Amino acid sequence: SLSDRLGSVFKKLKGQGKLSEKNIQDGLKEVRLALLEADVHYKVVKTLIAAIKERAVGQEVLESLTPGQQVVKIVNEELTNLMGGANEEINLSGGHPASIMLVGLQGSGKTTTAGKLAVYLRGQGRKPYLVPVDVYRPAAIEQLTKIGKELSIPVYPSDTETKPEKIAELARIKCAQEGCDTMILDTAGRLHIDDELMAELGRIKATTPPSDILLVADAMTGQDAVNMAKAFNDAMDVGGVILTKMDGDARGGAALSIRSITGKPIKFIGTGEKSNAFEAFHPNRMASRILG
Amino acid sequence: FITKTELTEDSLEELEETLITADMGVNTVMDLMEPITEKVNKKQITNSKELRAALTDAMLDLIKPVHENKELPNKKPLVIMVVGVNGVGKTTTIGKLAANFKKQGKKVMLVAGDTFRAAAVEQLEIWAQRTGVQIVRHRDNSDPAAVAYDGVAAAEARGMDVVIIDTAGRLHTQVNLMEELKKIRRSCHKSLPGSPHETWLVIDANTGQNAVSQAKLFHEAIGVTGMVLTKVDGTAKGGIVVSICHDMDVPIRYIGLGEKAEDLREFEAREFIKALF
Ligand SMILES: Nc1nc2c(ncn2[C@@H]2O[C@H](COP(=O)(O)OP(=O)(O)OP(=O)(O)O)[C@@H](O)[C@H]2O)c(=O)[nH]1
Ligand SMILES: Nc1nc2c(ncn2[C@@H]2O[C@H](COP(=O)(O)OP(=O)(O)OP(=O)(O)O)[C@@H](O)[C@H]2O)c(=O)[nH]1
Ligand SMILES: [Mg+2]
Ligand SMILES: [Mg+2]
């Protein structure tokens, strides 16, 4: 673990009064390695190390902690502060019905998350309505329809011949008719460099303005997390992020990169394939996980 | 990546950044950069063209040997099992492979081994229709090992050249699901001794260092004989496969570059390296 690695780096620091720039240089090398191995973006790591160095230098070596533990504590606090402290709730105001639009790269977990979100909202006393707007992927509409059926959540009867923005428009009307108050739009996975499909998202947003737009991102995403997050955020001004597949052993550095480049909060995490595998995001737990 | 021709202080750091942001992994990058940095310091590499050539050669030395003498076994039917974590592109890749093998004049059959995820069988059925190939399926939630057994048996009985088995996505850390993969393998072998002849691990190019753990655990559990790198049409470079194929001596069979049937290409080392930096 990073604590162990820093422990050996700082062995020679015994009996020194302060953390100096010189003596934490090796420690910072270990921190940098740990963050890169955890998939935090190269540039984000650079910024972070500079911030940590600034905080660490000149600090009194505490009685209760070894210098290594102290650096870990500073790093942990820095990461936690970076990832936390913003509105973590889903924005449901400003629409009748309220609506949540899920966007992201192919295979990140949007359709599965739509079902989880519906269950979560129902638990909060809301009446969710699932709307499949993926008209491209084979059996995508069937997938969400089956999920809805299993969870006893109504699903709009989309078909692949109707344009996604039209589906959303018609679903909004049907949603109210069904006595539901919250629409969940499951969009098709797409590349952030696909101009046509990114424009489609814009059209859906314009036609049925969502109360919240959530970027669904895979916890095992590597360095490219900054590119895709920046592009989706620039195009859609997302309200927040859902990090999926957190039940694996990916360190999840993408969380830091995404938060750093967009400034948007990670609101929830996906922790499995079942509909209840959905939890609130805890920045301090994420920080420890990233540091390993 | 290197726009000016003469090497400066920053050239090596820029190169390191390019490789790390291509997901090659900091340790692999350090191992590759060490001899090259030494050559630069000794003035044996004096410009960016030479630097690029040295790095390309170093990477070819890592990747090329892994791809030699790894032709597909001459079996009929050739049984290919496709595995990988959730959402990486297994089912879509199988659709593309079906189209590809069919183009080569082969008789292809698909086996709907994902009996768990909603509409997984329907998804593969559409690919079977699109590519005009046969498919074997059971009801939802049936035992994937039983579907695999029947699929391989049907492929043999109907004189298929290739049979491709789709499996449900699973995290390499889910021990019971890795056991299920072993059971599917045993089932294939019961139906046709020696099968599956190929087990291909699908890796999403967007994946970071976790791909190493995925490869290791899938390989330990069932033995991986090939990899397919998908979603290379995005901005992620998939550099992680360089360390994986080297460490595991497993070739990269194909690259997926899109969502249509024709978006599949055989892996070509030099072309891949060129795209990395
Ligand atoms: N283990 C695990 N698997 C997940 C999680 N979220 C989604 N999955 C799985 O990931 C795979 C992809 O999920 P989908 O919901 O189809 O992903 P998607 O983003 O809708 O995919 P596209 O529509 O093709 O872009 C499925 O096998 C899901 O069961 C999670 O939190 N943990
Ligand atoms: N851009 C791009 N998308 C791809 C590629 N391969 C697959 N996809 C997309 O990735 C998403 C997931 O593909 P699937 O084939 O369902 O993935 P899977 O591994 O079978 O997923 P599970 O069975 O749920 O684990 C779909 O939207 C595919 O169209 C590729 O090479 N490029
Ligand atoms: Mg989907
Ligand atoms: Mg699949």
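Keep in mind it's a predicted model, so treat the numbers as computed, not measured. We use all heavy atoms of the structure for the numbers below, so side chains are in, but hydrogens, waters and symmetry mates are not. Residue numbers begin at 1 in each chain, while the letters A, B, ... track the order of the sequences.
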Donor on one side chain, acceptor on other, [X] and [Y], under 3.5 Å:
{"X": "B:Q123", "Y": "B:R117", "result": "yes"}
{"X": "B:T91", "Y": "B:D166", "result": "yes"}
{"X": "A:E273", "Y": "B:N86", "result": "yes"}

Non-hydrogen atoms of chain B under 4.5 Å away: do they reach the side chain of [X], the backbone, both or neither?
{"X": "A:D247", "value": "both"}
{"X": "A:R137", "value": "side chain"}
{"X": "A:N227", "value": "side chain"}

- [ ] Identify which of A:L36, A:D39, A:L105 forms the greatest number of heavy-atom pairs closer than 4.5 Å to chain B.
- [x] A:D39

Between [options], which shows the greatest number of heavy-atom pairs under 4.5 Å with chain A?
{"options": "B:L171, B:V26, B:T235", "value": "B:T235"}
{"options": "B:Q214, B:K237, B:E16, B:Q174", "value": "B:E16"}
{"options": "B:H172, B:R130, B:Q209", "value": "B:Q209"}

Task: Separation between NZ of B:K90 and CD1 of B:I164, rounded to the nearest 0.5 Å - done: 14.5 Å

Tell me, side chain or backbone of [X] under 4.5 Å from chain A's heavy atoms, or both, or neither?
{"X": "B:N27", "answer": "side chain"}
{"X": "B:V212", "answer": "neither"}
{"X": "B:T207", "answer": "both"}

Open item on the list: Does A:E150, at its CD atom, have more than 12 non-hydrogen atoms belonging to other residues, nucleotides or ligands within less than 6.0 Å?
Closed with: no

Task: Set of salt bridge (Lys or Arg N to Asp or Glu O under 4.0 Å) partners for A:K245, sequence neighbours left out - done: A:D218

- [ ] Classify the angle between the aromatic ring planes of B:Y254 and B:W200 as parallel (below 30°), tilted (30 to 60°) or perpendicular (above 60°).
- [x] tilted

